[in-house]
Number of protein chains: 2
Amino acid sequence: MTTLSIQLSTLSEKYVDVVMSVVYNRPASGELADMVSIVSVAKAAGVSNKTVSRVINGEPYVTEETRERVEKAIRDLGYIPNMAARLIRSSRSNTFGIITDYVSTTPYSVDIVRGIQDWANANGKTILIANTGGSSEREVEIWKMFQSHRIDGVLYVTMYRRIVDPETGDVSIPTVMINCRPQTRELLPSIEPDDYQGAQDLTRYLLERGHRRIGYIRLNPILLGAELRLEAFRRTTSEFGLTENDLSISLGMDGPVGAENNYVFAAATEMLKQDDRPTAIMSGNDEMAIQIYIAAMALGLRIPQDVSIVGFDDFRTVTMALKPELTTAALPYYDLGREGAKWLNDLIAGEKIYPASRVVSCKLVERSSVAFGPR
Amino acid sequence: MTTLSIQLSTLSEKYVDVVMSVVYNRPASGELADMVSIVSVAKAAGVSNKTVSRVINGEPYVTEETRERVEKAIRDLGYIPNMAARLIRSSRSNTFGIITDYVSTTPYSVDIVRGIQDWANANGKTILIANTGGSSEREVEIWKMFQSHRIDGVLYVTMYRRIVDPETGDVSIPTVMINCRPQTRELLPSIEPDDYQGAQDLTRYLLERGHRRIGYIRLNPILLGAELRLEAFRRTTSEFGLTENDLSISLGMDGPVGAENNYVFAAATEMLKQDDRPTAIMSGNDEMAIQIYIAAMALGLRIPQDVSIVGFDDFRTVTMALKPELTTAALPYYDLGREGAKWLNDLIAGEKIYPASRVVSCKLVERSSVAFGPR
DNA sequence: GCGCGCTATGACGACGTTGTCAATTCAATT
DNA sequence: AATTGAATTGACAACGTCGTCATAGCGCGC
């Protein structure tokens, strides 16, 4: 028997009345109102338990009349199937495990989880989520835990796109990697956003609007997307005939993820103070664009009239809060999750599969941070 | 048997080599490598299954020698306990359900989930997460699903602090509400952030630094926190002797959450254009502060020398990206989750409990967006 | 030498569900 | 009228684990 302490509110008097304390009883731990089982339903409906089972699972060979009687009994008794018992017989849990580093606890890529969940809901699957927090011992534990729940498959999700080998603990549970891909390029199917194409589209967008001097503030090079985005920028500008002289590229951040050194503001200020300053700046991501905005404004430049700015990710908390709103390329997190779940399901059902890397494209989201460049 | 289609990468040639396709085999659906059970371990160790069970659960009355033999067998066979079977015997699942509107799929309050998960990990509990997406039919389904998994208790979490009655489906599963509280003030314990105290601290912070003309840009009044924060601001300034004339309060947003009308930029511009403009502005939250920054800078004002700004929430993607970094009050999401989980656990264990609203304070996070006011 | 209490172990059943197979009914076909 | 076969139903076992209870061995005190 436990007694809970009540911490009094620190709200001012006016709000104190929201704090109340009522005593009530619950059945003592032992006498939990035990769940009605298939047996009680069978008794109530006057049929065998197998028949009830048939009704529940929509199997054939049940008279309409019996079916109705059973359904009534189910409703009356409030019967709810016991998944654990079901699993123990059928050894298919209809559960997917999501294992992530930080994703479900971090603002950036939660949409992956949303995509997975939506698919799971629509298809009667249950989702078990676990975060490693980056620890690989924890990861091993989680795989064990998943196995002890007899999950049907694993979605291995990372917060940032990266290359990583899951600590699968040598057991072969069907697995799909989302937002990452395996180091040892075997076995595991993976699905990732197309950073290259996203940055390419963004670069073309600027070029098509007449910008010929373009700045680029780089993402932390640790991140896999950083290289791809920059490379896309370089190649695309060069295809359009721009030379290295027309570009102005600097590093925005480096260091360990979550505790990086931040040079964005300084780099942007530097870049925009030049006489032949760029007429447009591509930002490694949306957050960094905040600092570019501030740097530009501090120099008295107007956006987009004096400088155009584009971001990357479409992290909406930022892109919609900036004024003018930020044009960017949307990372297809939701689709990644949804497709990943679907793929995993196929994997579980199928006998032979073709593991492969798949890539989902980034959609350019046009807002108002880009103007036409000088003629 | 399913064959997966391979979508070719849209990466440029250079990156095409990351896309590969290998064919490999898994056992056909039927012949799943069936899990080793307690029985096989018993056979291997030459003991009865009950003895194995004893070893697994650390029960007494097992010789050191037998224990070791059994443990060896467990390791050799890679035995992993079957939770479902365990549950079916003990009817205690050691699983908590989290039911939320959007929380785990939205960037703002993910830390609640992190807090819950951390507690759960440390205490051997499993977490089942489900999102209603705001639909109450979906909510009913979820409660059913939870029951069919025989979860021990529910954490009912909302993205924004609000008043709401869970659709518990008249079954009494122990429940703790996090970041929200029940409309009908009975039965359900709840735990919320102390918006009032947070705003009070922030207001005092500004007052103590000599600010005597203060602006306030209001959060969407739909949100429960909005009223509390504003009220704290009003009362605290008045306690310090400021009058209505010293304050400049305007609405930043209204309309339905997720699709609100945004007046922040305009309101901030308006406020800062006045001759007797405030020397400090309190923002309803951190995101809104982005627009206040931009508005200030567009008017040629420096932060914090000309205007000080404080936010609310400590949404770090924003507070750390703004330059100068934003001083704010941190919503104690992580603690809310952790304490909520702990509380739920006590609830499940206890016989009599005192449901109550608890409140967790917001910590002021001092960064560099506030200067001393005019002397 | 006898009974007592403690340690160590196993046999067996039960949990809630579904798979297997047999039994029954009834209509259609020969 | 006998045979076939499909529709409908139930009896029973089995899944993996743990609780209950029984059994066996052993040292101890009288």
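Heavy atoms only: backbone and side chains are in, while hydrogens, waters and symmetry mates are out.
Spacing between atom CG of A:L87 and atom P of C:dT17 amounts to 13 Å, rounded to whole angstrom units. Computed from coordinates, the A:M83 CE to C:dC15 C1' distance equals 17 Å when rounded to whole Å. Atom CD1 in B:I88 sits about 10 Å away from atom P in C:dT18, given to the nearest Å. Remark: P of D:dG16 and NE2 of A:H149 are 17 Å apart, rounded to the nearest angstrom. Atom P of nucleotide C:dG16 and atom CZ of B:R92 are separated by 15 Å, given to the nearest angstrom. Between the CD1 atom of B:I80 and the P atom of D:dT17 there is a distance of 11 Å, rounded to whole Å. In this structure, B:R89 places its CZ atom 16 Å from P of D:dC15, rounding to the nearest Å. Atom C1' of nucleotide D:dG16 and atom CD of A:Q147 are separated by 16 Å, given to the nearest angstrom.
Minimum heavy-atom separation, A:S148 to B:P81: CB-O, 3.0 Å. Nearest heavy atoms, B:I173 versus B:Q147: CD1-CG, 3.7 Å. The two residues A:M145 and A:A130 have their closest heavy-atom pair at CE-CB, 4.3 Å.
You'll find the side chain of A:I38 reaches within 4.5 Å of the side chain of A:I56, heavy atoms only. You'll find the side chain of B:Y156 stays beyond 4.5 Å of the side chain of B:L188, heavy atoms only. At least one side-chain heavy atom of A:R92 sits less than 4.5 Å from a side-chain heavy atom of A:D152.
With distances taken from any side-chain atom of A:K50 to the nucleotides C:dT20, D:dT8, C:dG10, the minimum falls on C:dT20. Listed nucleotides D:dG16, D:dG10, C:dG10 differ in distance to A:R54; the shortest reach to its side chain belongs to D:dG10. Closest to the side chain of B:T63, from the set D:dG10, C:dA8, D:dC18, is C:dA8. Minimum atom distance to the side chain of A:I38 is reached by C:dT18, of the listed D:dG10, C:dT18, C:dA11.
Side-chain nitrogen and oxygen atoms of A:N49 include none within less than 4.0 Å of the OP1 or OP2 phosphate oxygen of C:dG16. For B:Y61, no side-chain nitrogen or oxygen approaches OP1 or OP2 of D:dA24 to under 4.0 Å. When the side-chain nitrogen and oxygen atoms of A:T66 are compared with OP1 and OP2 of D:dT9, one or more of them lie within a distance under 4.0 Å. Of the side-chain N and O atoms in A:S48, none sit less than 4.0 angstrom from OP1 or OP2 of D:dT9. OP1 or OP2 of C:dG10 lies within a sub-4.0 Å distance of a side-chain N or O belonging to B:T51.
When each of A:S53 and B:V62 is assigned the nucleotide of DNA chain C with its nearest heavy atom, B:V62 is the one assigned upstream, toward the 5' end. When each of B:G46 and B:R150 is assigned the nucleotide of DNA chain C bearing its nearest heavy atom, the one mapping closer to the 5' terminus is B:G46.
Backbone-only engagement by B:P81 is indicated by non-hydrogen atom pairs under 4.0 Å involving sugar-phosphate atoms exclusively.
Side-chain atoms of B:R86 stay outside donor-acceptor range of the base of D:dT17, with no qualifying N/O pair under 3.5 Å.
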